[in-house]
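Numbered from 1 within each chain, the chains take letters A, B, ... in sequence-line order. Being a predicted model, the structure only gives us computed values, none of them experimental. Computed from heavy atoms alone, side chains included, the values below leave out hydrogens, waters and symmetry copies.
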2 protein chains.
Amino acid sequence: MCDCTFKSQEKDYPMSSEYDTLKLENQLCFPLYACSREIVKKYKPYLDDLDLTYTQYITMMVMWERKQINVKELGECLFLDSGTLTPLLKKLEQKGWVTRQRAKSDERVLIVTLTPAGEELRSKAVTIPQKMACCMNLSAEEVQTLYRLLYKLLGDCC
Amino acid sequence: MCDCTFKSQEKDYPMSSEYDTLKLENQLCFPLYACSREIVKKYKPYLDDLDLTYTQYITMMVMWERKQINVKELGECLFLDSGTLTPLLKKLEQKGWVTRQRAKSDERVLIVTLTPAGEELRSKAVTIPQKMACCMNLSAEEVQTLYRLLYKLLGDCC
DNA sequence: CACAATTACATTGCATCCAATTATTTTTAT
DNA sequence: ATAAAAATAATTGGATGCAATGTAATTGTG
């Protein structure tokens, strides 16, 4: 894709240009960015059935595990800030899957709590991971390696 | 992060639940999604200097290589559609880095062409990749592996 | 205590992203 | 030749993401 190679005047292999580092094909970030969006797109039909977007889905994943969490901690789990989470949590509240209330001990803190309806959603969502798994032709070992490298990169850059 | 383990009533190791597959920590897509956004964020200060967003940057990467390309092909390179590209290309045109004109042979096709000003931008951008490289503590081999796995995954799912 | 600094969340504005629809042009099939 | 189908962008609407700013509550300091 988008491979531009130039022939050296004397030899018959690609000439390395001073701009090679700016080629799309030489970026690590680009396949990361593209892959992320393509996989989120793959989730869509399954998430549509549950009336969830991808971001709402990973938020609910945290809620299913934690039952109760405040916005700051939720943001740390998901690498998202209140600018994204505030409207998203209001939507989840509208749908009846979480409640939002201020902590009595500290009125600045907003506590998000999973509702019984939100808990029920979990049993519908549980089939999604296996449905998604089959669209990836990576071996178990490759998945492990990819997982490890992504978390290493994530740890390095935050 | 977000690790909820439950103790079996009899033994002293984490109980595997029917919902383990829904844990955030067991997802491959989540570090992909988070990592992608974190790295794009890392680019921001450098791209701000060039008055480019990340999406505009990768678009310019294609333009620097191809000089001229139509919207359909550009979309295939970047995994983006006209809904994203049309307004983005209008902004790049406003900044004077590309021109947009219909193909004479087929009026449906819009041809995007790099301008001399756009070409000049390339020499300012050329220092960005090395500036970014130092925020990743992956070895050259790990980068290679990650790169290969991401493209494999990208190939599988599109 | 007074008040400055900090913290936690909400709001605003801009730029994506994407699905769905529309408009226009070109190609295909009868 | 022409109507149907296909191809290519543009448009629209909804949901993020994120930086910057605002607001209210809490904490730290002299």
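- With sequence neighbours excluded, the residues forming a side-chain contact (heavy atoms from CB on, under 4.5 Å) with Ala117(A) are Trp97(A), Thr115(A), listed by chain and number.
- A cation-pi arrangement is found for Arg122(B) relative to Tyr19(A), the charged atom lying closer than 6.0 Å to the ring centre and inside a 45° cone about the ring normal.
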* Structure fact -> Nucleotide by nucleotide, nucleotides 13-20 of chain D touches protein heavy atoms under 4.0 Å in the pattern (B base, S sugar-phosphate only, - none) --SSBBB-
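- Closest approach of Met60(A) to Leu92(A), counting heavy atoms only: SD-CD1, 3.9 Å.
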* Sugar-phosphate means primed atoms, P, OP1 and OP2; the rest is base. With that split, encode nucleotides 21-26 of chain D 5' to 3' as B, S or - using protein heavy atoms under 4.0 Å. => ----BS
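- Between Tyr33(A) and Tyr54(B), the ring centre distance stays below 6.0 Å.
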* To do: Quick one: do Lys152(A) and Glu142(B) satisfy side chain to side chain contact (heavy atoms under 4.5 Å, CB included)? Show the steps, please.
  => CA-CA 10 Å; Lys152(A) 183 168 183 186; Glu142(B) 286 173 324; 3.1 Å; yes
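- Between the CG atom of Leu89(B) and the P atom of dA9(D) there is a distance of 10 Å, given to the nearest Å.
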* Verdict with supporting geometry, Glu107(A) and Arg102(A), salt bridge (Lys or Arg N to Asp or Glu O under 4.0 Å) -> CA-CA 5 Å; Glu107(A) 285 285 337; Arg102(A) 295 283 166 179; 5.5 Å; no
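- The footprint of chain A on DNA chain C, defined by a heavy-atom cutoff below 4.0 Å, extends from dT7(C) to dA19(C).
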Give every donor-acceptor pair under 3.5 Å between a side-chain atom in residues 46-53 of chain A and any protein atom, sequence neighbours left out.
from: Asp48(A); atom 1: OD1; to: Lys44(A); atom 2: NZ; distance (Å): 3.2
from: Asp48(A); atom 1: OD2; to: Lys44(A); atom 2: NZ; distance (Å): 2.8
from: Thr53(A); atom 1: OG1; to: Gln56(A); atom 2: N; distance (Å): 3.2

* Asked: Should Glu120(A) and Lys124(A) be marked as a salt bridge (Lys or Arg N to Asp or Glu O under 4.0 Å) after you check the CA-CA gap, both sets of side-chain angles, and the distance that decides it?
  -> CA-CA 7 Å; Glu120(A) 269 185 47; Lys124(A) 293 186 192 166; 5.9 Å; no
* **CA sep, side-chain torsions, deciding dist, call: Lys42(A), Glu38(A), salt bridge (Lys or Arg N to Asp or Glu O under 4.0 Å)** => CA-CA 6 Å; Lys42(A) 284 277 182 192; Glu38(A) 289 301 316; over 6 Å; no
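- Residue pairs meeting the ring pair (Phe, Tyr, Trp, His ring centres under 6.0 Å) criterion with at least one partner in residues 98-150 of chain B, sequence neighbours excluded, are Tyr147(B)-Tyr151(B).
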